[in-house]
Number of protein chains: 2
Amino acid sequence: MSVAHTGVTPQVGGAEPVGPCGEDDCGVRDVLDRLGDKWTVLVVVELAKGTRRYRELQRAIPGISQRMLTVTTRRLWRDGLVERTVHPTIPPQVEYALTDVGRSLAVTIAGLADWSRDHKDAMDAARRRWDAEHPDETGR
Amino acid sequence: MSVAHTGVTPQVGGAEPVGPCGEDDCGVRDVLDRLGDKWTVLVVVELAKGTRRYRELQRAIPGISQRMLTVTTRRLWRDGLVERTVHPTIPPQVEYALTDVGRSLAVTIAGLADWSRDHKDAMDAARRRWDAEHPDETGR
DNA sequence: CAGTATCCACTTCGATACTG
DNA sequence: CAGTATCGAAGTGGATACTG
(Lines give C-alpha, C1' and ligand atoms only; values in the text may rest on other atoms or scores of the structure.)
Protein backbone atom coordinates (compact mmCIF):
# COMPACT_ATOMS: atom_id res chain seq x y z
CA MET A 1 0.00 0.00 0.00
CA SER A 2 2.95 2.28 0.60
CA VAL A 3 1.69 5.26 2.45
CA ALA A 4 5.18 6.46 3.20
CA HIS A 5 5.43 10.22 3.05
CA THR A 6 8.92 10.19 1.78
CA GLY A 7 9.87 13.02 -0.43
CA VAL A 8 8.83 16.51 0.55
CA THR A 9 10.77 16.50 3.78
CA PRO A 10 10.03 19.64 5.73
CA GLN A 11 13.13 21.69 6.11
CA VAL A 12 14.09 25.23 6.84
CA GLY A 13 16.94 26.34 4.67
CA GLY A 14 16.76 27.42 1.08
CA ALA A 15 18.60 24.45 -0.36
CA GLU A 16 17.12 22.25 -3.07
CA PRO A 17 16.56 18.70 -1.80
CA VAL A 18 14.89 17.89 -5.11
CA GLY A 19 11.50 16.89 -3.82
CA PRO A 20 9.77 13.59 -4.54
CA CYS A 21 9.29 14.56 -8.13
CA GLY A 22 11.85 15.84 -10.53
CA GLU A 23 10.23 19.01 -11.73
CA ASP A 24 6.47 18.67 -12.10
CA ASP A 25 3.57 18.71 -9.67
CA CYS A 26 4.01 15.15 -8.42
CA GLY A 27 0.58 14.41 -9.82
CA VAL A 28 -1.17 15.83 -6.79
CA ARG A 29 -3.37 17.88 -9.02
CA ASP A 30 -4.83 14.71 -10.47
CA VAL A 31 -6.26 13.81 -7.10
CA LEU A 32 -7.43 17.30 -6.34
CA ASP A 33 -9.18 17.56 -9.65
CA ARG A 34 -11.30 14.69 -8.40
CA LEU A 35 -11.67 15.72 -4.76
CA GLY A 36 -11.66 19.46 -5.16
CA ASP A 37 -15.29 19.86 -6.04
CA LYS A 38 -17.92 20.68 -3.53
CA TRP A 39 -19.36 17.26 -2.74
CA THR A 40 -17.05 14.39 -3.61
CA VAL A 41 -15.29 14.05 -0.29
CA LEU A 42 -18.55 14.31 1.59
CA VAL A 43 -19.92 11.38 -0.37
CA VAL A 44 -16.73 9.38 0.17
CA VAL A 45 -16.74 10.09 3.89
CA GLU A 46 -20.37 9.04 4.15
CA LEU A 47 -19.80 5.87 2.15
CA ALA A 48 -16.80 5.10 4.35
CA LYS A 49 -19.36 4.44 7.08
CA GLY A 50 -21.03 1.77 5.01
CA THR A 51 -23.20 1.05 1.99
CA ARG A 52 -25.79 3.68 1.29
CA ARG A 53 -28.80 4.08 -0.95
CA TYR A 54 -29.39 7.18 -3.05
CA ARG A 55 -31.84 8.78 -0.67
CA GLU A 56 -29.77 7.85 2.34
CA LEU A 57 -26.82 9.72 0.86
CA GLN A 58 -28.99 12.68 0.12
CA ARG A 59 -30.29 12.79 3.66
CA ALA A 60 -26.82 12.26 5.15
CA ILE A 61 -25.37 15.15 3.14
CA PRO A 62 -27.52 18.18 3.85
CA GLY A 63 -27.71 20.70 1.07
CA ILE A 64 -26.75 18.47 -1.82
CA SER A 65 -29.12 18.65 -4.76
CA GLN A 66 -30.33 15.66 -6.71
CA ARG A 67 -28.31 16.79 -9.66
CA MET A 68 -25.05 17.06 -7.73
CA LEU A 69 -25.60 13.79 -5.91
CA THR A 70 -26.09 12.07 -9.23
CA VAL A 71 -23.09 13.61 -10.97
CA THR A 72 -20.87 13.04 -7.94
CA THR A 73 -21.76 9.39 -7.50
CA ARG A 74 -21.57 8.88 -11.25
CA ARG A 75 -18.06 10.28 -11.33
CA LEU A 76 -16.91 8.16 -8.41
CA TRP A 77 -18.50 5.14 -10.03
CA ARG A 78 -16.84 5.87 -13.35
CA ASP A 79 -13.45 6.21 -11.69
CA GLY A 80 -13.82 2.87 -9.96
CA LEU A 81 -13.97 4.36 -6.48
CA VAL A 82 -17.58 3.44 -5.92
CA GLU A 83 -19.59 0.38 -6.76
CA ARG A 84 -23.17 0.86 -7.88
CA THR A 85 -25.68 -1.94 -7.45
CA VAL A 86 -29.15 -1.71 -8.95
CA HIS A 87 -31.91 -3.90 -7.53
CA PRO A 88 -34.53 -3.96 -10.27
CA THR A 89 -37.46 -3.81 -7.91
CA ILE A 90 -40.41 -1.47 -7.78
CA PRO A 91 -39.74 1.09 -6.54
CA PRO A 92 -36.13 0.89 -7.70
CA GLN A 93 -33.35 0.54 -5.21
CA VAL A 94 -29.74 1.51 -5.85
CA GLU A 95 -26.91 0.91 -3.44
CA TYR A 96 -23.57 2.66 -3.40
CA ALA A 97 -20.46 1.31 -1.70
CA LEU A 98 -16.78 2.12 -1.77
CA THR A 99 -14.54 -0.21 -3.72
CA ASP A 100 -11.12 -1.21 -2.40
CA VAL A 101 -9.58 1.75 -4.17
CA GLY A 102 -12.29 3.97 -2.79
CA ARG A 103 -11.58 2.77 0.73
CA SER A 104 -7.89 3.52 0.34
CA LEU A 105 -8.89 7.00 -0.73
CA ALA A 106 -11.01 7.33 2.37
CA VAL A 107 -7.94 6.59 4.46
CA THR A 108 -6.01 9.34 2.70
CA ILE A 109 -8.90 11.72 3.20
CA ALA A 110 -8.81 10.90 6.88
CA GLY A 111 -5.24 12.17 6.84
CA LEU A 112 -6.49 15.44 5.43
CA ALA A 113 -9.14 15.60 8.10
CA ASP A 114 -6.48 15.06 10.75
CA TRP A 115 -4.45 17.92 9.36
CA SER A 116 -7.51 20.12 9.22
CA ARG A 117 -8.38 19.51 12.84
CA ASP A 118 -4.80 20.02 13.95
CA HIS A 119 -4.31 23.32 12.19
CA LYS A 120 -7.68 24.91 11.69
CA ASP A 121 -7.37 27.12 14.75
CA ALA A 122 -3.91 28.31 13.78
CA MET A 123 -5.10 29.21 10.30
CA ASP A 124 -8.15 31.05 11.55
CA ALA A 125 -5.99 33.00 13.97
CA ALA A 126 -3.46 33.82 11.26
CA ARG A 127 -6.20 35.04 9.03
CA ARG A 128 -7.72 37.28 11.68
CA ARG A 129 -4.28 38.70 12.39
CA TRP A 130 -3.62 39.32 8.71
CA ASP A 131 -6.98 40.98 8.18
CA ALA A 132 -6.33 43.23 11.15
CA GLU A 133 -2.89 44.20 9.90
CA HIS A 134 -4.01 44.78 6.32
CA PRO A 135 -7.28 46.64 6.62
CA ASP A 136 -7.67 48.01 3.11
CA GLU A 137 -6.23 45.18 1.06
CA THR A 138 -7.67 44.37 -2.31
CA GLY A 139 -9.03 41.04 -3.44
CA ARG A 140 -9.68 39.02 -0.35
CA MET B 1 1.35 16.39 15.40
CA SER B 2 -0.87 13.33 15.41
CA VAL B 3 -0.93 12.03 11.89
CA ALA B 4 -2.78 8.94 12.99
CA HIS B 5 -5.41 7.93 10.51
CA THR B 6 -7.70 6.55 13.11
CA GLY B 7 -11.32 6.62 12.29
CA VAL B 8 -12.28 5.73 8.77
CA THR B 9 -10.97 2.22 8.97
CA PRO B 10 -11.34 0.50 5.65
CA GLN B 11 -13.75 -2.34 5.98
CA VAL B 12 -15.89 -4.44 3.80
CA GLY B 13 -19.23 -5.00 5.41
CA GLY B 14 -22.09 -2.58 5.60
CA ALA B 15 -21.91 -1.98 9.33
CA GLU B 16 -21.59 1.47 10.85
CA PRO B 17 -18.29 1.93 12.69
CA VAL B 18 -19.26 5.55 13.30
CA GLY B 19 -16.40 7.21 11.49
CA PRO B 20 -13.99 9.66 13.04
CA CYS B 21 -16.65 12.30 13.19
CA GLY B 22 -20.07 12.05 14.66
CA GLU B 23 -22.23 13.13 11.77
CA ASP B 24 -20.69 15.94 9.75
CA ASP B 25 -17.95 16.12 7.13
CA CYS B 26 -15.06 15.87 9.59
CA GLY B 27 -13.96 19.28 8.42
CA VAL B 28 -12.22 17.89 5.35
CA ARG B 29 -14.01 20.40 3.21
CA ASP B 30 -12.19 23.19 5.04
CA VAL B 31 -8.87 21.93 3.74
CA LEU B 32 -10.14 21.25 0.29
CA ASP B 33 -11.63 24.69 0.01
CA ARG B 34 -8.06 25.93 0.40
CA LEU B 35 -6.29 23.31 -1.69
CA GLY B 36 -8.94 22.61 -4.26
CA ASP B 37 -8.21 25.51 -6.54
CA LYS B 38 -6.02 25.23 -9.56
CA TRP B 39 -2.67 26.45 -8.25
CA THR B 40 -2.37 26.30 -4.46
CA VAL B 41 -0.86 22.84 -4.16
CA LEU B 42 1.57 23.55 -6.94
CA VAL B 43 2.85 26.59 -5.10
CA VAL B 44 3.08 24.65 -1.84
CA VAL B 45 4.93 21.80 -3.50
CA GLU B 46 7.38 24.21 -5.09
CA LEU B 47 7.94 26.08 -1.85
CA ALA B 48 8.50 22.76 -0.10
CA LYS B 49 11.74 22.63 -2.06
CA GLY B 50 12.92 25.88 -0.56
CA THR B 51 12.46 29.64 -0.45
CA ARG B 52 11.44 31.17 -3.76
CA ARG B 53 11.08 34.63 -5.20
CA TYR B 54 8.03 35.74 -7.14
CA ARG B 55 9.56 35.22 -10.55
CA GLU B 56 11.13 31.94 -9.54
CA LEU B 57 7.72 30.61 -8.58
CA GLN B 58 6.28 31.81 -11.84
CA ARG B 59 8.97 30.06 -13.83
CA ALA B 60 8.73 26.89 -11.74
CA ILE B 61 4.98 26.66 -12.29
CA PRO B 62 4.40 26.76 -16.02
CA GLY B 63 1.11 28.24 -17.08
CA ILE B 64 0.33 30.27 -13.99
CA SER B 65 -0.58 33.87 -14.68
CA GLN B 66 0.67 36.81 -12.68
CA ARG B 67 -2.78 37.33 -11.35
CA MET B 68 -3.16 33.78 -10.10
CA LEU B 69 0.31 33.64 -8.65
CA THR B 70 -0.42 36.77 -6.70
CA VAL B 71 -3.80 35.71 -5.39
CA THR B 72 -2.52 32.23 -4.54
CA THR B 73 0.51 33.41 -2.61
CA ARG B 74 -1.56 36.12 -0.97
CA ARG B 75 -4.06 33.55 0.25
CA LEU B 76 -1.37 31.24 1.59
CA TRP B 77 0.27 34.19 3.28
CA ARG B 78 -3.00 35.32 4.79
CA ASP B 79 -3.67 31.85 6.15
CA GLY B 80 -0.27 31.67 7.79
CA LEU B 81 1.00 28.89 5.55
CA VAL B 82 3.52 31.05 3.79
CA GLU B 83 5.86 33.75 5.00
CA ARG B 84 6.42 36.77 2.77
CA THR B 85 9.60 38.79 3.09
CA VAL B 86 10.04 42.04 1.23
CA HIS B 87 13.53 43.38 0.64
CA PRO B 88 13.01 47.07 -0.11
CA THR B 89 15.66 47.24 -2.78
CA ILE B 90 15.52 48.49 -6.33
CA PRO B 91 14.34 46.52 -8.11
CA PRO B 92 12.17 45.06 -5.37
CA GLN B 93 12.74 41.54 -4.16
CA VAL B 94 10.11 39.40 -2.42
CA GLU B 95 10.76 35.99 -0.98
CA TYR B 96 8.21 33.35 -0.17
CA ALA B 97 8.79 30.44 2.20
CA LEU B 98 6.60 27.91 3.95
CA THR B 99 5.93 28.43 7.63
CA ASP B 100 5.90 25.53 10.07
CA VAL B 101 2.21 25.05 9.45
CA GLY B 102 2.82 25.25 5.73
CA ARG B 103 5.47 22.57 5.95
CA SER B 104 3.14 20.26 7.84
CA LEU B 105 0.66 20.80 5.03
CA ALA B 106 3.31 19.86 2.51
CA VAL B 107 3.72 16.56 4.32
CA THR B 108 0.01 15.88 4.09
CA ILE B 109 0.04 16.80 0.43
CA ALA B 110 2.83 14.29 -0.07
CA GLY B 111 0.39 11.69 1.25
CA LEU B 112 -2.05 12.70 -1.45
CA ALA B 113 0.68 12.46 -4.06
CA ASP B 114 1.50 8.97 -2.83
CA TRP B 115 -2.10 7.93 -3.20
CA SER B 116 -2.27 9.46 -6.63
CA ARG B 117 0.76 7.58 -7.85
CA ASP B 118 -0.44 4.33 -6.33
CA HIS B 119 -3.90 4.45 -7.88
CA LYS B 120 -3.75 6.60 -10.96
CA ASP B 121 -3.42 3.65 -13.29
CA ALA B 122 -6.29 1.78 -11.68
CA MET B 123 -8.53 4.80 -12.00
CA ASP B 124 -7.64 5.44 -15.62
CA ALA B 125 -8.33 1.81 -16.42
CA ALA B 126 -11.65 1.90 -14.58
CA ARG B 127 -12.62 5.00 -16.47
CA ARG B 128 -11.80 3.53 -19.84
CA ARG B 129 -13.75 0.42 -18.94
CA TRP B 130 -16.73 2.46 -17.83
CA ASP B 131 -16.67 4.60 -20.95
CA ALA B 132 -16.58 1.48 -23.09
CA GLU B 133 -19.48 -0.09 -21.25
CA HIS B 134 -21.59 3.07 -21.24
CA PRO B 135 -21.20 4.51 -24.72
CA ASP B 136 -24.11 6.91 -24.85
CA GLU B 137 -24.18 8.13 -21.30
CA THR B 138 -25.17 11.69 -20.51
CA GLY B 139 -23.12 14.21 -18.59
CA ARG B 140 -19.55 12.99 -18.56
C1' DC C 1 10.96 42.87 -10.26
C1' DA C 2 6.69 42.36 -8.31
C1' DG C 3 2.88 43.41 -8.52
C1' DT C 4 -2.51 45.90 -9.71
C1' DA C 5 -6.58 46.63 -12.50
C1' DT C 6 -10.01 45.40 -15.77
C1' DC C 7 -12.56 42.64 -18.65
C1' DC C 8 -14.25 38.36 -20.34
C1' DA C 9 -14.77 33.16 -21.21
C1' DC C 10 -15.72 29.17 -19.08
C1' DT C 11 -17.07 26.12 -15.51
C1' DT C 12 -19.66 24.76 -11.54
C1' DC C 13 -23.48 24.57 -9.05
C1' DG C 14 -28.48 25.30 -7.40
C1' DA C 15 -33.34 25.48 -8.49
C1' DT C 16 -37.04 23.71 -10.75
C1' DA C 17 -39.71 20.62 -13.36
C1' DC C 18 -40.43 16.19 -15.26
C1' DT C 19 -39.94 10.56 -15.83
C1' DG C 20 -39.63 5.20 -15.64
C1' DC D 1 -37.28 5.75 -5.34
C1' DA D 2 -33.85 7.20 -8.30
C1' DG D 3 -33.00 9.56 -11.36
C1' DT D 4 -32.91 13.21 -16.13
C1' DA D 5 -33.36 17.82 -18.45
C1' DT D 6 -32.95 22.63 -18.66
C1' DC D 7 -31.86 27.11 -17.20
C1' DG D 8 -29.68 30.87 -14.85
C1' DA D 9 -26.56 32.85 -11.08
C1' DA D 10 -22.21 32.86 -9.23
C1' DG D 11 -17.62 31.72 -8.97
C1' DT D 12 -12.96 31.01 -11.08
C1' DG D 13 -9.34 31.70 -13.91
C1' DG D 14 -6.89 33.66 -18.28
C1' DA D 15 -5.35 37.65 -21.20
C1' DT D 16 -3.96 42.08 -21.42
C1' DA D 17 -2.42 46.50 -20.05
C1' DC D 18 -0.47 49.40 -16.70
C1' DT D 19 2.55 50.89 -12.16
C1' DG D 20 5.90 51.88 -8.10
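Proteins get letters first, then strands, A, B, ... in listed order; numbering begins at 1 in each. Just so you know, these numbers use all the heavy atoms, side chains as well, and skip hydrogens, waters and symmetry mates.
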Interatomic spacing from CG in B:D79 to CE in A:M123 - rounded to 0.5 Å: 4.0 Å

message: Under 4.0 Å from OP1 or OP2 of D:dG3: is there any side-chain N or O of A:R55 that close?
response: no

message: It should be established whether B:Y96 places a side-chain nitrogen or oxygen under 4.0 Å from OP1 or OP2 of nucleotide C:dC1.
response: no

field: Closest to side chain of A:Q66, choosing from D:dG3, D:dC1, D:dA17
entry: D:dG3

statement: Per atom distances to the A:Y54 side chain, the nearest of C:dC1, C:dG3, D:dA2 is D:dA2

Hey, are [X] and [Y] close enough for a salt bridge, meaning a charged N less than 4.0 Å from a carboxylate O?
| X | Y | result |
| --- | --- | --- |
| B:R128 | B:D131 | no |
| A:E95 | A:R52 | no |
| A:D124 | A:K120 | yes |

message: Need the pair for C:dG20. Rule: Watson-Crick or G-U wobble, both distances under 3.5 Å, any strand; none if unpaired.
response: D:dC1

Distance check needed: [N] [atom2] versus [X] [atom1], whole Å only.
| X | N | atom1 | atom2 | answer |
| --- | --- | --- | --- | --- |
| B:R74 | C:dG3 | CZ | C1' | 8 Å |
| A:R52 | D:dA2 | CZ | C1' | 17 Å |
| A:L69 | C:dA15 | CG | P | 14 Å |
| B:R59 | C:dG3 | CZ | P | 14 Å |
| B:Q58 | C:dG3 | CD | C1' | 10 Å |
| A:H134 | C:dG3 | NE2 | C1' | 15 Å |
| B:L57 | C:dA2 | CG | P | 9 Å |

Contact summary for A:S116 and B:D30, nearest pair of heavy atoms: OG-CB, 3.9 Å

- prompt: At their closest point, which heavy atom of A:T72 faces which heavy atom of A:M68, and how far apart are they?
  reply: OG1-O, 2.6 Å

Between the protein and nucleotides 11-14 of chain D, list the N/O to N/O atom pairs that are separated by less than 3.5 angstrom.
unit_1: D:dG13; atom_1: OP1; unit_2: B:K38; atom_2: N; d: 3.0
unit_1: D:dG13; atom_1: N7; unit_2: B:R67; atom_2: NH2; d: 2.6
unit_1: D:dG14; atom_1: OP1; unit_2: B:K38; atom_2: NZ; d: 2.4
unit_1: D:dG14; atom_1: OP2; unit_2: B:W39; atom_2: NE1; d: 3.0
unit_1: D:dG14; atom_1: N7; unit_2: B:R67; atom_2: NE; d: 3.4
unit_1: D:dG14; atom_1: O6; unit_2: B:R67; atom_2: NE; d: 3.0

- request: Let me know, please, whether A:P92 or A:T70 comes out on the 5' side of the other along DNA chain D by nearest nucleotide.
  value: A:P92

message: Does the plane of the ring in A:H134 sit parallel, tilted or perpendicular to the ring in B:W77? Use 30° and 60° as the thresholds.
response: perpendicular

